[in-house]
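Only this structure's heavy atoms are used, side chains among them; waters, hydrogens and symmetry mates stay out. Every chain is numbered from 1, with letters handed out A, B, ... down the list of sequences.
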Number of protein chains: 2
Amino acid sequence: MITSKDVAKLAGVSHTTVSRAFRGDAKIKPETYQRIMNVSKELGYSPNRIASSLRQKNTKTIGLIISHGFNPLFLKITHRIETELAIHGYHLLISFDDGDSDKQWNIIQSLAAGQVNVIIFTPLIHSTADHNRLYSLIQHSPIRFIQLISNPFEDITSFYFDDNYGSYLGTRHLLSNGHNRILMIGGINRVEGYEKAYQESELTPPIKFSDLTGSTEEASYHNIKEALLKEKPTAVFSVSEPLSYITYQVLSDLAMQIPSDISFLSFDDERWLQLLHISAIGHPVQALSNVIVREILSYETSDSEVYPSSTSFKPFLIERNSVLPNNKQ
Amino acid sequence: MITSKDVAKLAGVSHTTVSRAFRGDAKIKPETYQRIMNVSKELGYSPNRIASSLRQKNTKTIGLIISHGFNPLFLKITHRIETELAIHGYHLLISFDDGDSDKQWNIIQSLAAGQVNVIIFTPLIHSTADHNRLYSLIQHSPIRFIQLISNPFEDITSFYFDDNYGSYLGTRHLLSNGHNRILMIGGINRVEGYEKAYQESELTPPIKFSDLTGSTEEASYHNIKEALLKEKPTAVFSVSEPLSYITYQVLSDLAMQIPSDISFLSFDDERWLQLLHISAIGHPVQALSNVIVREILSYETSDSEVYPSSTSFKPFLIERNSVLPNNKQ
DNA sequence: CTGAAAGCGCTTACAG
DNA sequence: CTGAAAGCGCTTACAG
């Protein structure tokens, strides 16, 4: 391994000067600087970041924990964040917890041991014990935590999409197209926006919100099929991309044509939805990613206290061809 | 920051002993061990991995560079590799080069400065200069390099899918269904398998291979449309997932029904292809990922020389409902 | 503009 | 079974 001392010897300076040259630190005589750089290139030297991190007590490394490894949304966020962060000399350590809170806990411990500056994650809390150990760790850790997508901890900085606004937007779109019998499929946490849209129209939802939180794929498939057959909705609104995928399968297996037999709206946009001209509620992924990067960069200067903030982004409606005005009733 | 010295003081031992306790190193009196662990838990101490890495000259960190940030295939590989590696105490630093060879070069420099053990990447070579600087770096670096998916460097370990076998398999499948007029769309590097399948059937391809390497999405769209209209194939075989996506759009815009109007086969499997019952050539992603992990773990023991190896995996045919026997001619 | 010394938090011989 | 010392490769005062 080539160290600053090797360079120093060949360039006829001290390793202190080599270090300074690489950091553009204090003024160095231009000739000296050039000599150091030439020797370094020749030897293939670059400063050991591990040593530098240890000394400076700053790794310039961010830990990102992904809970839904299959969801392309996170690929996009990861891509964006890494690219921006890299420009500013940061590095990204990535881990997958597969939705398992114990696994997430271990990953956090490991990232902490790795002295990352920041941990970006979607807190997984299945019990108060989960909650407490996480909360206590976060309180005592010198690491900054950023909650992504969800935000169970109120006093910890979070960035997420306003899901209720999204479900409001979607429901309103369906209602304004004359659909009263809407089958909502998905996470109960999005029920508010749906109800709000009905209230605004001075209507009451004739069909019960179909809560599929925590259901397996198979169970979801059957629930959706049953609800579709029983409730005879004129429109379906599935409230996450994975559920949209299953819903499309059911519709297809039931030989129900979109949009002639039934209107279909998806929460979360995805490539296949675009391909099939299915209207969707999209998320400003890039805006969210950018703001996270800015937050992280802001930690560099604000040395001490950082006040927690919550930032939510509004989803938007992407009209394609899966929602038709309803003439049926 | 809590260090081993803090723990040592409270536990009434030396920090050397604390270090040993955490590494399960030499034998430590059970009581001493317990005391150390109790104190550590109380203080929330865990060994600083940066310091440990510096001292041991081993970061247990792998750098993964992703060239096609949009391709879900790499998400799968990343997920799998990270999960397996984590079990063995390794960490994953991820970067995106967006297909830009200079960016890739910078990332490699940065990963090297970060003392990663291994760099997994798809070499991006657009000129002999690209080739030479990469090759020279790899030769002189203490880091192990693993070529992923493609392998321009013969004497550097690589893991990839046998693309020509895949295109052979697909072409054969189409031919055996009576399709002679096959429109092949995609990377010219897959032409061999296609020709081999024709040869085996003692046929000559009536339609020219449509090489779209380096085309923009828009250009590809128009090329495919034109070829489809001009050549009147009975089957299309698009030789990468992004091209399958575009091909599907063209087919859809041309109102050509799959499989009644035309048979369709996709290289690279993806969720939306499954949803639409489109037959595909799949890749054993998990097998590839596992073997990469095993390779990395093997570096732990084999201290000195590692002999470069090439490992390719055979793609397989996934029959769904997009290929129909051809009765047209 | 440059250098010698100290130290970041560990681990590794060496010694007992 | 445990400790004191040295050192990993840097950076940071301190001094000149």
Side-chain angles (χ1 to χ4, degrees), chain A residues 1-37 39-40 43-61 89 91 110 112-117 142-143 303, chain B residues 1-37 39-40 43-61 89 91 110 112-117 142-143 303:
Chain A
M1 158 167 284
I2 296 133
T3 73
S4 57
K5 282 186 185 164
D6 300 320
V7 175
K9 202 172 293 174
L10 262 174
V13 292
S14 74
H15 72 283
T16 308
T17 304
V18 174
S19 169
R20 280 198 269 253
F22 271 90
R23 277 171 304 109
D25 195 35
K27 290 134 263 272
I28 290 182
K29 214 199 285 179
E31 299 103 270
T32 316
Y33 178 85
Q34 263 316 323
R35 205 148 19 93
I36 290 172
M37 286 306 157
V39 172
S40 296
L43 298 181
Y45 169 77
S46 69
N48 182 324
R49 191 161 67 231
I50 299 302
S52 167
S53 293
L54 176 61
R55 186 56 236 261
Q56 296 187 94
K57 289 171 178 275
N58 181 5
T59 57
K60 294 203 97 180
T61 300
H91 310 94
S110 169
Q115 315 298 120
V116 299
N117 298 12
I143 295 171
D303 18 57
Chain B
M1 157 165 283
I2 296 133
T3 72
S4 57
K5 282 186 184 166
D6 300 319
V7 175
K9 202 173 292 172
L10 262 175
V13 293
S14 74
H15 71 283
T16 307
T17 305
V18 173
S19 170
R20 281 197 268 252
F22 271 90
R23 277 171 302 108
D25 196 36
K27 290 132 260 268
I28 290 183
K29 213 201 284 176
E31 299 102 90
T32 316
Y33 178 84
Q34 262 317 320
R35 207 147 18 93
I36 290 172
M37 285 307 158
V39 172
S40 295
L43 297 181
Y45 169 77
S46 68
N48 181 324
R49 191 162 65 230
I50 300 302
S52 167
S53 294
L54 177 61
R55 185 56 236 261
Q56 297 187 93
K57 290 171 176 274
N58 181 5
T59 57
K60 293 204 95 176
T61 300
H91 309 95
S110 169
Q115 315 299 122
V116 298
N117 299 10
I143 296 171
D303 18 56

So do the side chains of B:V39 and B:Y45 get within less than 4.5 Å of each other, counting heavy atoms only?
-> no

Partners of B:S40 by side-chain hydrogen bond (donor to acceptor under 3.5 Å, both in side chains), sequence neighbours excluded?
->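 Partners of B:S40 under the side-chain hydrogen bond (donor to acceptor under 3.5 Å, both in side chains) test: none.
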
Taking only residues two or more places apart in sequence or in another chain, which ones pass side-chain hydrogen bond (donor to acceptor under 3.5 Å, both in side chains) with B:S46?
->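 Partners of B:S46 by the side-chain hydrogen bond (donor to acceptor under 3.5 Å, both in side chains) criterion come out as none, since no residue qualifies.
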
Secondary structure of DNA chain C in dot-bracket form (Watson-Crick or G-U wobble, distances below 3.5 Å, | marking inter-strand pairs) | |||.||||||||.|||

Look at the side-chain N and O atoms of B:T17 and state whether any lies under 4.0 Å from the OP1 or OP2 oxygen of D:dG3.
->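 True: B:T17 side-chain N/O within range (under 4.0 Å) of D:dG3 OP1/OP2.
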
Using atom types as modelled, flag every donor-acceptor pair under 3.5 Å from a side chain in residues 3-13 of chain A to any protein atom, sequence neighbours excluded.
from: A:T3; atom 1: OG1; to: A:K5; atom 2: N; distance (Å): 3.1
from: A:D6; atom 1: OD2; to: A:T3; atom 2: N; distance (Å): 2.8

Sugar-phosphate means primed atoms, P, OP1 and OP2; the rest is base. With that split, encode nucleotides 5-12 of chain C 5' to 3' as B, S or - using protein heavy atoms under 4.0 Å.
-> BBBBBBBB

Residues passing the ring pair (Phe, Tyr, Trp, His ring centres under 6.0 Å) test with A:Y33, sequence neighbours excluded, are none

To the nearest 0.5 angstrom, please state how far the CZ atom of A:R49 sits from the OG1 atom of B:T59.
-> 9.5 Å

Spatial distance of atom CD1 (A:I50) from atom CD (A:Q115) [nearest 0.5 Å] =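 Output value for this atom pair is 10.5 Å.
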
Rounded off to whole Å, could you give me the CZ-to-C1' distance for the B:R35 and D:dC1 pair?
-> 12 Å

Within the distance-only criterion (no hydrogens, no angle test), does the side chain of A:T16 pair as donor or acceptor with the backbone N or O of A:S14 below 3.5 angstrom?
-> no

Would you mind classifying the nucleic acid contact of A:T32 as base, sugar-phosphate or nothing, using non-hydrogen atoms under 4.0 angstrom?
->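 Here A:T32 touches the backbone only, sparing every base.
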
